[in-house]
2 protein chains.
Amino acid sequence: MNSPADSAAVRRGNLSLVLRHIAAHGPCARTEIAAATGLVHATVTALVADLMTRGLVEEVGVTASGSRGRPRRLLHLVAERVRIVAAHVTWGDIRLVTAGVTGELIDAGRARHPGPFGPPEPMADAIATAVTEAVSPGPDVHLGRLVIAMSGPVTSGRAKAPTEGVGWHAPTLGALVAERLPGLSCPVEVVNDADLAALAEYHALRLPGTEGPSTVAYVKSDSGVGGGLLINGRIHQGSHGLGGEVAHLPVSLDGPRCRCGAHGCLTAYVSTHAVLESAGLGRESVPEGIDAALAELGRRLRAGEPRALATLDQAGHALGAAIQSIVGLTDAEEIILGGHLTDWIPWLTPGIDTRLAARRRAFPTLPIAVTPGVLGARAALHGAVQTGRDRVLADPAEVPPCRARPSQAHPV
Amino acid sequence: MNSPADSAAVRRGNLSLVLRHIAAHGPCARTEIAAATGLVHATVTALVADLMTRGLVEEVGVTASGSRGRPRRLLHLVAERVRIVAAHVTWGDIRLVTAGVTGELIDAGRARHPGPFGPPEPMADAIATAVTEAVSPGPDVHLGRLVIAMSGPVTSGRAKAPTEGVGWHAPTLGALVAERLPGLSCPVEVVNDADLAALAEYHALRLPGTEGPSTVAYVKSDSGVGGGLLINGRIHQGSHGLGGEVAHLPVSLDGPRCRCGAHGCLTAYVSTHAVLESAGLGRESVPEGIDAALAELGRRLRAGEPRALATLDQAGHALGAAIQSIVGLTDAEEIILGGHLTDWIPWLTPGIDTRLAARRRAFPTLPIAVTPGVLGARAALHGAVQTGRDRVLADPAEVPPCRARPSQAHPV
DNA sequence: CTATTTTTTTCAAGCTACGAAAAATTAGAA
DNA sequence: TTCTAATTTTTCGTAGCTTGAAAAAAATAG
């Protein structure tokens with residue numbers, strides 16, 4: 001609240017309010033919008049007319065209402081008008097998705113990049129090229145947002161902070177990519193992929209439009225151990241963009257020494273590498289690769305092989321301690337597990353529950369839900385699309401009016 | 001952004017913007033306000049006139065500007081117009097402070113209460129009586145806010161959550177107190193005292209009006225171990241108001257068993273009781289009481305007594321592990337230590353630094369400041385006054401116009 | 001004493017949301 | 001079929017807000 005407000009700000013806010021209601025509550029009539037938002041009928045009419053000139057909203061027919069009176073004219077969000085592009089930059093390549101503003105998938109693709117090390121310009125080139133090829137905006141298609149999800153290994157686990165010599169600042173990369181998209185001037189945003197995954201899983205686990213718990217944490221282990229912290233449904237970035245980073249959460253004062261130099265980090269217990277190694281499925285034992293080793297681990301767990309069971313029991317205890325820290329500090333109500341943790345849940349649960357038992361006894365009325373994620377490896381891209389969508393819905397006034405006349409209401 | 005906006009909302013926001021600028025940047029002229037806020041001269045004139053009819057702002061003279069041109073008419077916040085009342089409910093009694101909206105102290109007092117257990121009504125009676133006696137609002141004095149800081153032991157460490165049979169919901173208590181203040185209808189707010197202390201220390205450690213780091217944590221140990229988490233300068237409440245609660249943060253998987261049932265909680269290492277016990281200064285050894293034991297501990301530390309030193313070294317390591325959790329999870333940039341921890345800092349620092357060494361090596365450009373608090377036991381009351389002040393400054397339109405004509409500008 | 005400079009105020013214009021009344025459009029009743 | 005009631009949507013006049021330009025106020029410099 002540090003910038004002055006004027007009537008234009010009021011308009012922006014109310015346009016967004018109406019558009020978000022239409023997006024969340026399916027096709028609906030102007031009366032319903034007025035009732036739900038608290039705006040007056042006349043204002044809703046004006047705002048809807050504005051959204052229609054921008055091509056964001058269309059009439060799709062009328063209700064066959066049983067009662068008498070003028071029928072309701074139903075409005076819905078036009079998917080094709082605004083396009084969201086999401087790019088997930090991982091170790092090896094770039095995965096692209098384009099979607100409509102409703103979130104529905106339009107296209108998916110994959111491209112190579114020059115590797116996560118070295119100067120940022122080649123990476124920006126690669127991303128911009130991939131985006132330009134993927135997007136062919138039609139006459140009345142507006143490119144609303146490009147959201148880039150950065151995978152872990154770029155700068156020592158996080159793309160967001162300029163921490164080590166290797167890698168680049170996310171804002172810099174965003175600006176470089178934006179420069180390289182000549183025709184399509186569209187805002188570019190770079191966000192950590194674990195944070196985006198957290199956001200996506202959080203929304204995937206509840207009905208759209210429903211309010212979830214105010215504080216939620218996400219913990220995943222795949223190519224690395226990472227996580228995200230959501231406060232009031234928003235990503236908590238922290239002072240340097242390292243918020244929600246759980247990899248080096250201390251689990252035991254005298255645990256094994258971690259690569260980072262500390263003792264007893266969570267990574268040392270639940271990283272894919274550590275788990276496979278401890279279960280006797282390290283690179284030497286299973287030279288076929290990680291996927292083969294993971295499959296073998298699954299077989300052994302189901303077969304009840306003692307060493308595999310012991311490994312996951314210990315991992316469960318460590319994860320439980322980390323969750324205890326998270327819950328104690330942030331009062332999170334739900335912990336979502338992602339990556340390989342999803343597959344291991346049956347064997348992790350006993351250890352987790354043991355560590356949480358004390359708090360559950362102390363606060364019997366406050367549940368702590370430990371939930372498996374449902375989106376798998378696609379979570380980060382989902383989250384990126386969702387973020388782009390939220391940005392467009394938050395300020396519809398950014399979308400210019402359509403050239404072509406907006407489609408007329410369907411006569412009935 | 002889920003409620004409609006209209007011109008009245010614009011007015012409220014801009015009134016607050018101007019008032020907060022005047023409050024933060026001393027006596028200042030309309031031109032400066034216009035330049036700083038981005039509002040236009042004409043608007044600032046109108047808004048200042050509005051604030052003057054409400055008695056919140058006065059002209060205090062003109063600048064003796066060296067240059068030519070019409071002199072600036074300086075505006076300042078009127079302290080006496082709005083009164084803030086803060087009440088700190090501790091184990092034994094109620095401490096009251098009344099202050100002006102500038103934060104300057106007007107009065108302080110103390111009262112008894114019926115004890116933290118049992119039904120909430122007697123406590124509400126006691127608070128309301130104390131407030132009524134303390135506040136004698138003059139003809140043009142507006143009671144802006146009553147902020148009640150609840151001390152730890154009320155419901156198993158936190159007043160904010162309905163967790164155990166003993167104690168009451170903070171919202172309930174707030175409503176009960178509000179009912180019992182007949183003449184003075186004023187909003188009542190109940191907040192955890194550790195959170196308020198965190199807020200107060202955070203602001204005390206930097207110049208007023210200055211932006212601090214976005215994420216800050218506060219850890220204290222006096223009558224209990226507690227803390228608060230500030231995100232973007234605001235208290236993080238969490239899902240159930242337990243956010244920032246550090247007492248049962250796990251420090252070691254196989255540490256001593258805590259009262260809560262878990263092993264290796266922070267409390268077991270740094271609570272006043274645990275420290276005194278471990279140093280051989282428990283209730284049996286020093287029957288004169290806690291204060292005497294603490295004084296003796298200080299003497300032994302300065303004298304280099306080995307057992308005292310070992311105790312605080314271990315406490316430092318435990319605190320370091322907790323800080324490692326806090327920093328890793330929230331990316332806090334500053335950790336403020338309060339309560340007795342402030343006195344023990346010289347002996348805690350080695351352990352803390354040992355635990356933080358790994359992260360400091362991993363992120364050499366990201367500082368982690370561990371700072372002693374400066375407000376001592378008064379921190380919670382300070383924070384309560386600050387909160388009340390913030391609320392009033394956030395919505396000056398709540399303050400009614402003055403009956404009496406506002407004082408005229410001082411002629412020069 | 002006049003010109004200049006700087007601050008503050010005044011006033012018309014442009015948006016915005018609101019409230020009441022009118023128009024549109026259907027179902028049911030005569 | 002025709003009229004009436006009910007419900008949704010639109011139109012229109014009003015009030016409040018900020019803005020921008022012009023006017024007024026109040027000092028200094030020459």
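Because the structure is predicted, anything quoted here is derived from the model rather than measured. Below, chain A is the first sequence line, B the second, and so on; all start at residue 1.
- At C:dC18, one or more side-chain N or O atoms of A:Thr43 fall inside 4.0 Å of OP1 or OP2 (strictly under the cut-off).
- The residue A:Ala29 sits close only to the backbone: its heavy atoms come under 4.0 Å of sugar-phosphate atoms, none of a base.
- Listed nucleotides D:dT9, D:dG20, D:dA26 differ in distance to B:Ala42; the shortest reach to its side chain belongs to D:dG20.
- Between C:dT9 and B:Arg30, a contact under 4.0 Å exists linking OP1 or OP2 to a side-chain N or O.
- Nearest nucleotide to the side chain of A:Ser7, out of D:dT28, C:dT16, C:dT8: C:dT16.
- Formation of a donor-acceptor pair under 3.5 Å by the A:Arg30 side chain with backbone atoms of A:Thr45 is not found in this model.
- Put simply, CD1 on A:Ile235 and OG1 on A:Thr387 are 5.5 Å apart, with the number rounded to the nearest 0.5 Å.
- Comparing atom distances between the B:Pro71 side chain and each of D:dA26, C:dT8, C:dT26 picks out D:dA26 as nearest.
- Residue B:Arg11 places at least one side-chain N or O under 4.0 Å from the OP1 or OP2 atom of D:dT18.
- Contact annotation: A:Thr31 side-chain N/O to D:dT9 OP1/OP2 distance is under 4.0 Å.
- If you check every strand for non-hydrogen atoms under 4.0 Å, A:Ala8 touches nothing.
- Nearest to the side-chain atoms of A:Arg70 among the listed nucleotides D:dT7, C:dT5, D:dA21 stands D:dT7.
- Of the listed nucleotides (D:dT19, C:dT25, D:dA26), D:dT19 has the atom at the smallest distance from the side chain of B:Leu39.
- Interatomic distance, A:Ile231 CD1 to A:Ser214 OG, rounded to the nearest 0.5 Å: 8.0 Å.
- Among the nucleotides D:dT4, C:dC18, D:dA29, the one closest to any side-chain atom of A:Val40 is C:dC18.
- Taking atom CG on A:Asn14 and atom P on C:dC15, their separation rounds to 17 Å, with Å as the unit.
- Of the options B:Leu146, B:Leu105, B:Ile84, B:Val85, a side chain to side chain contact (heavy atoms under 4.5 Å, CB included) to B:Thr98 is made by B:Val85 and by none of the others.
- For B:Arg73, taking side-chain heavy atoms from C-beta onward, the closest of the listed nucleotides C:dT8, C:dT16, D:dT4 is C:dT8.
- In this structure, A:Arg12 atom CZ and D:dC17 atom P are separated by 19 Å, rounded to whole Å.
- Salt-bridge formation is not detected for the pair B:Asp395/B:Arg391: no Lys NZ or Arg NE/NH1/NH2 atom is positioned less than 4.0 Å from an Asp or Glu carboxylate oxygen.
- Checking A:Ala5 against A:Thr45, the closest nucleotide of DNA chain D that is more toward the 5' end is the one next to A:Thr45.
- Atom pair A:Leu75:CG and D:dT9:C1' shows a separation of 11 Å (rounding to whole Å applied).
- We find that CG of B:Asp6 is positioned 13 Å from C1' of C:dC15, with the value rounded to whole Å.
- Taking the charged nitrogens against the carboxylate oxygens, B:Glu104 and B:Arg389 have no contact shorter than 4.0 Å, which rules out a salt bridge.
- The separation between B:Glu59 atom CD and D:dA26 atom C1' is 14 Å, rounded to whole Å.
- Note: CG (B:Leu17) to P (D:dC17) measures 16 Å, nearest angstrom.
- In this entry the distance linking CZ of A:Arg72 with P of C:dT26 reads 15 Å, nearest Å.
- Distance, B:Ile33 CD1 to C:dT6 P: 20 Å, rounded to whole Å.
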